[in-house]
Number of protein chains: 2
Amino acid sequence: MKEGPNIAGIAALIGDPARANMLQALMTGVALTASELAQEAGVTPQTSSFHLGRLAEAGLVTLRRQGRHKYYNLADADVAALLEAMSGIAMRAGMTRVRTGPKEPALRKARVCYNHLAGEYGVQAYDSLLARAFLVEDGEQLHLTGDGRSFLSELGVVLPDKESKRRPLCKSCLDWSARRSHLAGIAGTSLLSFFLERGWAKRVDGSRIIEFSKSGDSHFHAIFSL
Amino acid sequence: MKEGPNIAGIAALIGDPARANMLQALMTGVALTASELAQEAGVTPQTSSFHLGRLAEAGLVTLRRQGRHKYYNLADADVAALLEAMSGIAMRAGMTRVRTGPKEPALRKARVCYNHLAGEYGVQAYDSLLARAFLVEDGEQLHLTGDGRSFLSELGVVLPDKESKRRPLCKSCLDWSARRSHLAGIAGTSLLSFFLERGWAKRVDGSRIIEFSKSGDSHFHAIFSL
DNA sequence: CAATTGTTTCGATCGTGATCGAACAATCAA
DNA sequence: TTGATTGTTCGATCACGATCGAAACAATTG
């Protein structure tokens, strides 16, 4: 009777509070164990295991075993993008959490999205690279130009020699707070770790917030001026 | 304890099969009455009313009363984009409907996405306009150039004189089948009705499929060659 | 080897939410 | 007015799925 893929399936999967909390926790990009996710969602390890099984079965998360632990991650950037988009709609609908703490503005400013930089800082970096033609959009594809490659390399951002088909070097990701694109893909990941390794920015506890230091802030604006 | 908007809320909303069916039916872009949606979802009018109340409350659908009818629509293109993105994930996860009829290839070829053209034809039109610089991407923004405007106008596609802030003239929308962008926004809507009014393409029953006539097909490829 | 920690399976419970029957309200056509 | 169509509200039912206790299983450490 109906055509098209089964939307209700994955929606119901994300629709459970426990699973939604787990997925949001994984949006930080760090791999988490089953028990850590259980605590994050506020459920016992047994139920956590049950939920993770379903999420993995549906291909929303991946896991790699390491010793007696199982580390979980979001399957890929597409899933992260879906969650990010859903955040946008949820926020617009006024379905903000009861507990809307003081962290909110910090989240808008700079946060991690799966494994790359999002928020105001994320879109500024994206726009800046685009304005100087270091980055060009081609349909849905996104390419780093030769100039762009040398620019980033000279800064100290490590990049692979050649593009791979499976994991694109550059990819745009829609930002729920700014409603603009920011840089994802390998380059996006490298860029974030570039700032983290230098101590110019650091992650806050278990949240998605990224805090720039005073010097890190000025460095950022020097690099990504508009 | 948690930060960020409540994803589980809207996900759970979409997660119910009846509501998901309703939303997918609304993806055709046509306004449907409460009882039509009830039949579409395979539930009684009472439950339909219940579900529509929740969807409207969450801002996923809008309604306008007309006589003793209530016509429902998707709230806006953002909601449509979310559903489209979810289709992509669901399809990749192999969660296709049991009833995967012969309509599928037709759906991939050309279909309506909320109110504009999607599928292979949609992305081809998009790429073609982009290649001739009739359309330019600027960050997340999408602009119609002067040449592009006159090109479309001379064809007979009606466009408003000036851009409005609320409803952008051009907007890109991610295609779940092709994984590429196609044209949304006012221009996307006008383009679709351009083909429909001329009889070059027509909609199939209550589905999202758009069927091009023989002459409509050649016209399309003449206009949007690559 | 035992002891500890992490994860899963099983079984049972329990609450939430979807569903429908029936009655009610509103609109339109005579 | 009466009758027909459309939509909603209320109440009760009922099934599905989330949850946890208990126990088994797996892997590491001492």
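For the numbers below, each heavy atom of this structure counts, side chains included, while hydrogens, waters and symmetry mates do not. Letters A, B, ... mirror the listed sequences (proteins, then strands); counts begin at 1.
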* Asked: Are Arg92(A) and Asp76(B) close enough for a salt bridge, meaning some N to O gap below 4.0 Å?
  ->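 Salt bridge between Arg92(A) and Asp76(B), a charged N being under 4.0 Å from a carboxylate O: yes.
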Rounded interatomic separation in angstrom, taking [atom1] from [X] and [atom2] from [N]:
X        : N       : atom1 : atom2 : answer
Gln39(B) : dT5(D)  : CD    : P     : 15 Å
Gln46(B) : dA22(C) : CD    : C1'   : 9 Å
Phe50(B) : dA18(C) : CZ    : C1'   : 7 Å
His69(B) : dT27(C) : NE2   : C1'   : 9 Å
Lys70(A) : dA27(D) : NZ    : P     : 10 Å
Leu63(A) : dA26(D) : CG    : P     : 17 Å
Leu32(A) : dT7(C)  : CG    : C1'   : 16 Å
Glu57(A) : dG17(D) : CD    : C1'   : 15 Å

Of the nucleotides [options], which one has an atom closest to the side chain of [X]?
X        : options                  : answer
Ser49(B) : dT19(C), dC20(D), dT9(D) : dT9(D)
Tyr72(B) : dT8(C), dT8(D), dA18(D)  : dT8(D)
Ala18(B) : dA18(D), dG7(D), dT19(C) : dT19(C)

* Does the ring center of Tyr121(A) lie less than 6.0 Å from the ring center of Phe224(A)? ->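 No.
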* To do: Measure from the side-chain N and O atoms of Arg19(A) to the backbone N and O of Leu13(A), and report whether any donor-acceptor pair falls under 3.5 Å.
  =>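 Looks like yes, one N/O pair under 3.5 Å.
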* Where does the angle between the aromatic ring planes of Trp200(B) and Phe195(B) fall among parallel (under 30°), tilted (30 to 60°) and perpendicular (over 60°)? ->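 It falls in the tilted class, 30° to 60°.
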* To do: Just say parallel, tilted or perpendicular for the rings of Phe212(A) and Phe220(A), cut-offs at 30° and 60°.
  =>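 Rings of Phe212(A) and Phe220(A): perpendicular, as their planes differ by over 60°.
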Between protein and nucleic acid, restricted to nucleotides 12-16 of chain C and to nitrogen or oxygen atoms under 3.5 Å apart, what atom pairs and distances do you find?
none

* Can a side chain N or O of Arg19(B) be found less than 4.0 Å away from OP1 or OP2 on dA18(C)? ->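 For dA18(C), OP1/OP2 do have a side-chain N/O of Arg19(B) under 4.0 Å.
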* **Thr47(B) side-chain N/O to dA18(C) phosphate OP1/OP2 under 4.0 Å** =>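 Checking Thr47(B) against dA18(C): no side-chain N or O falls below 4.0 Å of OP1 or OP2.
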* Below 4.5 Å, heavy atoms only, C-beta onward: do Leu183(B) and His116(B) meet side chain to side chain? ->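 Leu183(B) vs His116(B): side chains apart.
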* Asked: Is Ser35(A) touching bases, backbone alone, or none of the nucleic acid, heavy atoms closer than 4.0 Å?
  ->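 Contact class for Ser35(A): sugar-phosphate only.
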* To do: Have a look at Ser48(A) and say if it touches a base, only the backbone sugar-phosphate, or nothing, with a 4.0 Å heavy-atom cut-off.
  =>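 No contact.
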* **Verdict with reasoning, Val43(A) to Asn21(A), per side chain to side chain contact (heavy atoms under 4.5 Å, CB included)** => CA-CA 10 Å; Val43(A) 294; Asn21(A) 283 334; over 6 Å; no
